[in-house]
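Let me begin by presenting the structure, written as structure tokens, before commenting on it.
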Amino acid sequence: KPQHMRYLRHEYEKNKNLDNPGIFHVKELKEIEGCGLAIVTEWEACRSLAQWLKEANHSDDEKKRIVRQVADALSYMHAQGIIHGALNSQNIFITSKGDNVKLLTVHQRYADILKQPNETLRYLAPEAKDGTVGLNERADIYSLGVMLKEMGLDDEYHSVIETSCHFGRNERFDSIDSFLEAMS
């Protein structure tokens, strides 16, 4: 469909120049026989954050390390003028070798919000769900707050989660740096 092809081209153009160890590198936009137009990214053996969290109990220090790596990758994106806007436990990956973060920045497109899986919706900031305003880095900070809560770090970081997940985006941390500072 032309609309889907335009969307893929837009995603490719937006992400092709991102060069950060915490982000899957977008290699090319390619026509694949039997599949159609596709975005090709680098590959590395890993599992999603959702899968990682289901593994044997990870220590709080391991969880905090993952949160900081995600925050560092997002900070890099924000410095490039890019907002992820759809961060969730299915597009944050943890490498099999070294347990390092790799973000998938290419967004999966759903026909409508009703088709989007519930586990990805809970990470979305309210403004990302309803599309009422343009997204800024506070949408990604909302997702980081949800991530902290899902990791079971809500006792130690209750105030960080509360500020990050505030319904009003102007009440959230204004930058990744301020989020990380509050976590210190």
Exercise. Quick one: does K16's side chain have a donor or acceptor within less than 3.5 Å of a partner on V26's backbone?
Worked result: no
Seminar exercise, completed: Between the NZ atom in K14 and the CD1 atom in I83, the distance rounded to the nearest 0.5 Å is 9.5 Å
Exercise. Under 3.5 Å, is there a donor-acceptor pair between the D140 and H78 side chains?
Worked result: yes
Exercise. Say you draw a straight line from CD of E156 to CD1 of I161; how long is it, rounded to the nearest 0.5 Å?
Worked result: 10.0 Å
Problem set entry | N-O pairing of K102 and E42 below 4.0 Å | yes
For this session: Among N15, N91, L87, I92, find the residue that satisfies the side-chain contact (heavy atoms from CB on, under 4.5 Å) test when tested with L104.
Result: N91
Exercise. Does a side-chain heavy-atom distance below 4.5 Å link L124 with S143?
Worked result: no
Exercise. Picking from K27, K30, E28, E11, what satisfies side-chain contact (heavy atoms from CB on, under 4.5 Å) with I39?
Worked result: E11
Exercise. Side chains of H84 and T105: closer than 4.5 Å at any heavy-atom pair?
Worked result: yes
Exercise. Hey, is D99 close enough to R47 for a salt bridge, meaning N to O under 4.0 Å?
Worked result: yes
Exercise. Could you state the interatomic distance from CG (L180) to OG (S75), rounded to the nearest 0.5 Å?
Worked result: 7.5 Å
For this session: Verify, without hydrogens or angle tests, whether R172 (side chain) and T163 (backbone) share a donor-acceptor contact under 3.5 angstrom.
Result: no
For this session: Indicate yes or no for a side-chain donor-acceptor contact from S164 to the backbone of V160 under 3.5 Å, with no hydrogens or angles considered.
Result: yes
Exercise. Is any side-chain heavy atom of M147 closer than 4.5 Å to a side-chain heavy atom of V67?
Worked result: yes
Exercise. Any sub-3.5 Å donor-acceptor pair from Y157's side-chain atoms to M183's backbone N or O?
Worked result: yes
Exercise. Going through the checks in order, is the side chain to side chain donor-acceptor pair (under 3.5 Å) test met by Y123 and E150?
Worked result: CA-CA 10 Å; Y123 277 78; E150 285 222 342; 3.1 Å; yes
For this session: Verify the distance criterion only: is there a donor paired with an acceptor across the side chains of R122 and N88 at less than 3.5 Å?
Result: no
For this session: Give me the ring orientation class for F179 and F173: parallel if the planes are under 30° apart, tilted from 30 to 60°, perpendicular past 60°.
Result: perpendicular
Exercise. So, E127 and Y142: side-chain donor and acceptor under 3.5 Å apart, yes or no?
Worked result: no
Seminar exercise, completed: Value for NE2 (H58) from CZ (R65), rounded to nearest 0.5 Å, stands at 10.5 Å
Exercise. CD1/I94 to CD/E62 distance, rounded to the nearest 0.5 angstrom?
Worked result: 10.5 Å
Problem set entry | E44 atom CD, over 12 foreign heavy atoms within 6.0 Å | yes
Exercise. Okay, side chain of Q51, backbone of S48: is any donor-acceptor separation there less than 3.5 Å?
Worked result: yes
Seminar exercise, completed: Rounding to 0.5 Å, atoms CD1 (I66) and CG (L53) come to a distance of 9.0 Å
For this session: Could you go through the side-chain contact (heavy atoms from CB on, under 4.5 Å) check for L144 and L74 one step at a time?
Result: CA-CA 10 Å; L144 283 171; L74 288 172; 4.0 Å; yes
For this session: Would you kindly say whether E162 and H158 are connected by a side-chain donor-acceptor distance under 3.5 Å?
Result: yes
Problem set entry | Heavy-atom check, side chain of F24 versus side chain of F93, under 4.5 Å | yes
Exercise. Would you find more than 12 non-hydrogen atoms of other residues, nucleotides or ligands less than 6.0 Å from K149 atom NZ?
Worked result: no
Problem set entry | Side chain Y76, main chain G22, donor-acceptor under 3.5 Å | no
